[in-house]
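Note sheet for the following structure.
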Amino acid sequence: MQNVMAVAGRRVDPQGASASRFPVSRVEQVRSLILSRLSQGDIRKIVCSAACGADLLTLDVAADLSIAARIILPSTTESFKISSVLDRAPQQAWSEMYDRAVSAAAKRGDLILNVGDNSSTDYGAVNDAILDSACSLAGGNPSSVVALIIWDGQPHPDERDLTVEFKNDAEVRRFALEQILTL
C-alpha cells in the first residue's frame with residue numbers, strides 16, 4: 001500500500017501550440033482520471049509543484065478528497081504564478097485553483113519555496129525535491145511512494161523533458177510508477 005504520491009506532468013498547451021501534449025479540451029477527462037486514482041484511498045499525502053495542468057488538477061482533486069499536499073516551488077509564490085499559472089488559458093480558473101492550493105499548503109506548513117539555484121527555472125531541482133520529500137514523508141521507504149506521471153506518453157524530442165526526467169529518477173529510486181495520459 002502506497003501512502004505518499006509524488007506527482008509531475010504536463011502543463012496545459014498554450015493557445016496555438018504547434019504540438020499538442022495536454023489540450024485544454026482534455027482537462028475535465030484528466031481531472032476525472034485523477035479523481036478515480038486518488039479515490040482508491042491508499043494515498044495520505046501528495047507532493048508536487050503547482051503549475052497549471054497536471055499539478056493543479058491533482059492538488060484540486062486532493063483537496064476535494066481531504067488529502068493533504070506539500071507544494072514545492074522554484075521561486076516565490078507570485079513569481080511562479082506569473083510564469084507557470086497565468087500564462088495559460090483559462091487564466092481565472094487556474095489562478096483560483098493555485099491560490100486555494102498554495103493557501104492551504106501554507107497553513108499546514110507544507111509550502112516549500114525557492115528550491116534550486118535561485119533561478120525561477122530550476123525545475124530539475126524541484127523534481128528532485130518532490131521525490132526526496134515524498135520518500136522522507138514515507139519514512140524513507142521507497143515501497144510506500146508512488147510516482148504519478150500525467151503526460152502524453154511521449155518524450156519531447158527537441159528539448160529537455162522534465163517529466164521524463166522525473167519518471168526516470170522515480171524509477172531509479174524504485175518508486176512504483178503510474179501514469180495518466182493527457183491525450
Salt bridge between [X] and [Y], side-chain N to carboxylate O under 4.0 Å?
X: Asp99; Y: Lys81; value: yes
X: Arg173; Y: Asp132; value: yes
X: Asp161; Y: Arg10; value: yes

Would you say [atom1] of [X] has more than 12 non-hydrogen atoms from neighbouring residues, nucleotides or ligands within 6.0 angstrom?
X: Glu159; atom1: CD; value: yes
X: Arg174; atom1: CZ; value: no
X: Gln40; atom1: CD; value: yes

Q: Might you work through the side chain to side chain contact (heavy atoms under 4.5 Å, CB included) test for Ile130 and Phe166, ending with a clear yes or no?
A: CA-CA 9 Å; Ile130 289 168; Phe166 180 90; 3.9 Å; yes

Quick one: does [X]'s side chain have a donor or acceptor within less than 3.5 Å of a partner on [Y]'s backbone?
X: Thr58; Y: Ala54; result: yes
X: Ser49; Y: Ile72; result: yes
X: Gln179; Y: Ile150; result: no
X: Asp13; Y: Ser20; result: no
X: Asn127; Y: Leu162; result: yes
X: Trp94; Y: Leu86; result: no
X: Tyr98; Y: Ala93; result: no

Q: Report the residues that fulfil salt bridge (charged side-chain N to carboxylate O under 4.0 Å, His left out) with Asp60, sequence neighbours left out, ordered by chain and then residue number.
A: Arg31, Arg100

[atom2] on [Y] to [atom1] on [X], rounded to 0.5 Å:
X: Leu33; Y: Leu38; atom1: CG; atom2: CG; answer: 11.0 Å
X: Asn3; Y: Asp42; atom1: CG; atom2: CG; answer: 8.0 Å
X: Met5; Y: Ile34; atom1: CE; atom2: CD1; answer: 9.5 Å
X: Glu165; Y: Tyr123; atom1: CD; atom2: OH; answer: 13.5 Å
X: Ser133; Y: Asp128; atom1: OG; atom2: CG; answer: 12.0 Å
X: Leu35; Y: Asp64; atom1: CG; atom2: CG; answer: 7.5 Å

Q) Does the side chain to side chain contact (heavy atoms under 4.5 Å, CB included) test come out yes or no for Phe22 and Val27, once each step is laid out? A) CA-CA 8 Å; Phe22 189 172; Val27 164; 4.1 Å; yes

Residue pair [X] / [Y], side-chain heavy-atom distance below 4.5 Å:
X: Leu111; Y: Thr77; value: yes
X: Leu113; Y: Ser75; value: no
X: Val102; Y: Lys107; value: no
X: Thr163; Y: Ile149; value: yes
X: Arg11; Y: Asp87; value: yes
X: Ile43; Y: Val4; value: no
X: Pro23; Y: Leu183; value: yes
X: Leu148; Y: Leu177; value: no

Q. Is Val126 linked to Ile82 within one hydrophobic cluster, defined over Ile, Leu, Val, Met, Phe, Trp and Tyr using a side-chain heavy-atom separation of less than 4.5 Å?
A. no

Q) Residues in side chain to side chain donor-acceptor pair (under 3.5 Å) with Arg88, at least two apart? A) none

**Q.** Chi angles and distances behind the side chain to side chain contact (heavy atoms under 4.5 Å, CB included) call for Arg44, Ile67
**A.** CA-CA 6 Å; Arg44 66 175 171 79; Ile67 300 171; 5.9 Å; no

Q. Would Arg21 and Thr182 count as having a side-chain donor-acceptor pair, cut-off 3.5 Å?
A. no

Which atom pair, heavy atoms only, marks the closest approach of [X] to [Y]?
X: Val115; Y: Ala125; result: CG1-O, 3.7 Å
X: Ala50; Y: Val85; result: O-CG2, 3.6 Å
X: Phe175; Y: Pro142; result: CD2-O, 3.7 Å

